[in-house]
J.: 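This is the structure I have questions about; it appears just below.
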Amino acid sequence: MRLLIQMGIIDVSSSMDYSGATAVAEPPPRNRVLSTECDSGLAVEKNGHKNRRPVRRPGKEMCRTIVLDAATPDDHKELMRRIAAAQDKAAFAALFGHFGPRVKAYLMRSGSTPESAEELAQEAMVMVWRKAESFDPAQASVSTWIFTIARNKRIDAYRRMNRPDLDENDPALVPDGPTAPDTAYAEGQVSTAIREAVATLPDEQAEMLKKAFFEDKAHSEIAAETGLPLGTVKSRLRLAIGRMRKQLKEFEE
Amino acid sequence: MSVVSAREPVGPIPQHHLSDDLLTAYAAGSLDEASSLFVASHLTLCPECRRRAAMMDEVGGVLLDDIAPVAMSAGALSAVLSRAEAPANDEPASMAGSRQTVFGADLPAPMRRYYGCDLDGIAWQRQGGGVSVATVPGIGDGSHAFMLKVEAGRAVPQHTHRGNELVMVLKGAYSDAAGRFGRGDVELADGDVDHQPKAEKGEDCICLAVTDAPLKFTGSLGWLLNVFVKM
């Protein structure tokens with residue numbers, strides 16, 4: 001079985017460097033090819049994804065090659081599907097190449113040394129492999145799921161607490177009403193809407209959002225550090241969140 | 001569409017919700033343990049805030065995707081794969097010891113995990129004036145949460161707040177100047193508020209409370225209650 005996978009920032013077939021180091025020096029082009037040799041038995045079904053068309057490569061008849069944009073949530077979901085369904089290491093390598101270095105960056109930004117960020121990022125990615133089957137593409141995008149894993153790892157490690165979280169099977173859970181609009185998540189629209197909203201935020205709001213999410217600081221600490229009044233910190237965050245909510249409403253109505 | 005749950009709603013949908021500030025900090029993981037417990041408990045009771053919280057997590061995911069990557073060490077992938085495939089016996093036990101009640105539950109699961117029981121197993125400490133408290137045990141980071149039980153029809157002694165006080169009703173209902181609060185409803189009182197919540201007649205009112213500074217009771221029973229919240 002030959003697997004040829006080129007995706008995003010790593011190239012499994014030609015390099016043994018899984019570190020993602022190339023991501024720093026040279027950002028990948030947006031459209032790379034994820035190709036699966038036909039005899040691998042892992043050819044990707046179209047799965048109803050409109051934007052994913054099989055492309056024939058010259059000289060490789062019968063071999064379906066899927067063009068993926070390495071940065072889209074759908075690509076990540078496809079990789080997760082393969083990991084969960086077939087413990088596909090090549091798919092994991094691709095996912096690792098994208099998210100490993102980002103999880104490490106996130107942990108460093110929240111105060112970890114490079115060494116402990118590396119260690120925790122590895123632990124987080126171990127969880128990604130082990131819990132792949134529990135990933136529900138209808139609930140969240142892959143980047144969100146991995147963010148929550150990395151965040152909880154950080155809380156466990158540095159705050160020495162288990163983050164209290166709700167239990168989906170709790171008999172006390174008040175269920176969603178029958179009209180809950182959950183289809184938007186399945187189609188990745190929430191992620192897209194938020195991505196667009198973040199991209200168009202004024203710099204000062206985007207920066208505040210990143211501080212709030214990445215730096216493990218209370219809003220009052222952010223105020224002290226930046227010299228901004230607490231009210232300004234909070235209002236910038238609220239404006240940013242208000243803008244995202246507005247963007248999401250367009251999907252829900 | 002997911003399959004609509006066949007079971008009846010366990011309780012009414014809350015009318016008073018968590019602030020964006022709290023939900024943002026919860027998603028970011030920068031809340032203390034007591035406040036995280038408070039948020040997780042409200043999310044159990046509030047479908048609307050669950051959706052808002054999911055959006056906040058999604059913001060975290062988008063920001064993670066956007067962050068400038070930092071190279072992993074050489075060999076990181078193979079190290080992860082070999083650890084991932086090893087027998088999974090090094091998983092941290094996730095808040096073990098939750099005793100699940102079979103027929104519904106009064107306390108949200110995050111609270112049952114801390115107390116090790118549901119509402120009927122709580123050992124209340126009577127404080128006088130129709131008020132009892134039960135501190136949430138096992139919070140490890142120095143933050144504090146407690147349940148407050150006010151007898152039906154009684155009022156909590158008038159008090160102001162030196163810091164913020166978060167209160168959520170778990171059973172029964174109370175009213176104060178800001179309105180009526182029933183199961184799942186959240187009220188945030190800050191230093192400016194001098195309020196006197198009064199439990200409704202007919203049922204004791206039980207709340208989860210988180211304070212980031214001691215309450216200061218101003219009424220006639222204040223001296224007594226100031227002792228119990230001295231934490």
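These figures come from a predicted structure and were not determined experimentally. Atom set for the values below is all heavy atoms of this structure, side chains included, hydrogens, waters and symmetry mates excluded.
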J.: Is it true that a side-chain atom of A:Lys210 and a backbone atom of B:Leu63 form a donor plus acceptor pair closer than 3.5 Å?
T.: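 No, A:Lys210 side chain to B:Leu63 backbone: no donor-acceptor pair under 3.5 Å.
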
J.: Quick check on B:Leu45 against chain A: is it the side chain, the backbone, both or neither that has a heavy atom closer than 4.5 Å?
T.: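 The answer is both parts of B:Leu45.
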
J.: Can you tell me how far apart CG (A:Leu209) and CE (B:Met56) are? Round to the nearest 0.5 Å.
T.: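 Here the rounded value is 8.5 Å.
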
J.: If I measure from the heavy atoms of chain A, does B:Leu31 come under 4.5 Å with its side chain, its backbone, both, or neither?
T.: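 Contact with chain A: backbone only.
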
J.: Contact part of B:Met111 toward chain A, heavy-atom cut-off under 4.5 Å: side chain, backbone, both or neither?
T.: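 Neither; nothing under 4.5 Å.
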
J.: Below 4.5 Å, heavy atoms only, C-beta onward: do A:Phe92 and B:Leu77 meet side chain to side chain?
T.: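 A:Phe92 reaches B:Leu77 side chain to side chain.
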
J.: Quick one: list whatever passes ring-ring contact (aromatic ring centres under 6.0 Å, His included) with A:Tyr106, sequence neighbours left out.
T.: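 Result, ring-ring contact (aromatic ring centres under 6.0 Å, His included) vs A:Tyr106: A:Phe147, A:Phe214.
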
J.: Please check if the side chain of A:Arg195 supplies one atom and the backbone of B:Val62 the other of a donor-acceptor pair under 3.5 Å.
T.: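 Not a single qualifying donor-acceptor pair exists.
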
J.: Using a strict 4.0 Å threshold on nitrogen-to-oxygen distance, state whether A:Arg245 and B:Asp20 make a salt bridge.
T.: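 B:Asp20 and A:Arg245: salt-bridged.
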
J.: Quick one: what part of B:Ala53 sits under 4.5 Å from any heavy atom of chain A, side chain, backbone, both or neither?
T.: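 Neither part; nothing is under 4.5 Å.
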
J.: Check this for me: does any side-chain nitrogen of one of A:Asp176 and B:Arg51 sit under 4.0 Å from a carboxylate oxygen of the other?
T.: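 No salt bridge links A:Asp176 with B:Arg51.
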
J.: Compare every heavy atom of A:Arg130 with every heavy atom of B:Ala86, then report the nearest pair and how far apart it is.
T.: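 In this case the closest contact between B:Ala86 and A:Arg130 is O-NH2, 3.4 Å.
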
J.: Let's go through B:Thr44 and A:Asp167 carefully: what are the C-alpha distance in whole Å and the side-chain angles of both, what is the deciding distance for side chain to side chain contact (heavy atoms under 4.5 Å, CB included) to 0.1 Å, and is it a yes or a no?
T.: CA-CA 7 Å; B:Thr44 303; A:Asp167 174 355; over 6 Å; no

J.: Below 4.5 Å, heavy-atom pairs only: which of A:Lys234, A:Lys104, A:Gln87 has the largest tally toward chain B?
T.: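 Top option by heavy-atom pairs under 4.5 Å: A:Lys104.
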
J.: Name the member of A:Lys217, A:Met125, A:Lys89, A:Glu221 that forms the most heavy-atom pairs with chain B at distances under 4.5 Å.
T.: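 Among A:Lys217, A:Met125, A:Lys89, A:Glu221, the one with the most close pairs to chain B is A:Lys89.
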
J.: Roughly how far apart are B:Asp21 CG and A:Arg238 CZ, rounded to 0.5 Å?
T.: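 That separation rounds to 4.0 Å.
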
J.: Check the pair B:Met55, A:Ile241 against side chain to side chain contact (heavy atoms under 4.5 Å, CB included), reporting the backbone distance first and the verdict last.
T.: CA-CA 9 Å; B:Met55 186 196 95; A:Ile241 288 156; 4.0 Å; yes

J.: Sub-3.5 Å donor-acceptor pair from the side chain of A:Arg163 to the main-chain atoms of B:Tyr26, do we have one?
T.: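 Yes: the side chain of A:Arg163 pairs with the backbone of B:Tyr26.
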
J.: For A:Ile155, which atoms come within 4.5 Å of any heavy atom of chain B: side chain, backbone, both, or neither?
T.: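 Just the side chain, heavy atoms under 4.5 Å.
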
J.: Nearest 0.5 Å, what's the OG-CD1 distance between A:Ser143 and B:Ile67?
T.: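 One finds 12.0 Å between OG of A:Ser143 and CD1 of B:Ile67.
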
J.: Would you say A:Gln122's side chain and B:Ala79's backbone share a donor-acceptor pair under 3.5 angstrom?
T.: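 Not at all, since once roles are kept as given, no pair shorter than 3.5 Å links the two residues.
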
J.: In Å and rounded to the nearest 0.5 Å, what is the CD to OG1 distance from B:Glu58 to A:Thr148?
T.: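 Spacing of CD (B:Glu58) from OG1 (A:Thr148) equals 10.0 Å.
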
J.: Ignoring hydrogens and angles, tell me if any N or O in the side chain of A:Asp170 forms a donor-acceptor pair with the backbone of B:Ala109 under 3.5 Å.
T.: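 Yes.
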
J.: Pick one of side chain, backbone, both or neither for B:Asp57, based on which atoms fall under 4.5 Å of a heavy atom in chain A.
T.: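 It is both, since atoms from each part get that close.
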
J.: Can you tell me if A:Glu207 has over 12 outside heavy atoms packed within less than 6.0 Å of its CD?
T.: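 Enclosed.
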
J.: Heavy atoms only, distances under 4.5 angstrom: which of B:Cys46, B:Ala27, B:Ala25, B:Ala40 has the most pairs with chain A? Name it, please.
T.: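 Most pairs with chain A among the choices: B:Ala27.
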
J.: Could you tell me which portion of A:Glu123 (side chain, backbone, both or neither) has an atom closer than 4.5 angstrom to a non-hydrogen atom of chain B?
T.: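 Both parts, backbone and side chain.
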
J.: Measure B:Ile139 against the heavy atoms of chain A and call it side chain, backbone, both or neither at under 4.5 Å.
T.: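 Neither part, no heavy atoms under 4.5 Å.
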
J.: Based on non-hydrogen pairs under 4.5 Å, which of B:Val59, B:Leu107, B:Leu43, B:Asp66 is most in contact with chain A?
T.: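 Among the listed options, the one with the most contacts to chain A is B:Val59.
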
J.: With a 4.5 Å cut-off on side-chain heavy atoms, are A:Asp216 and B:Ser30 touching?
T.: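 They are in side-chain contact.
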
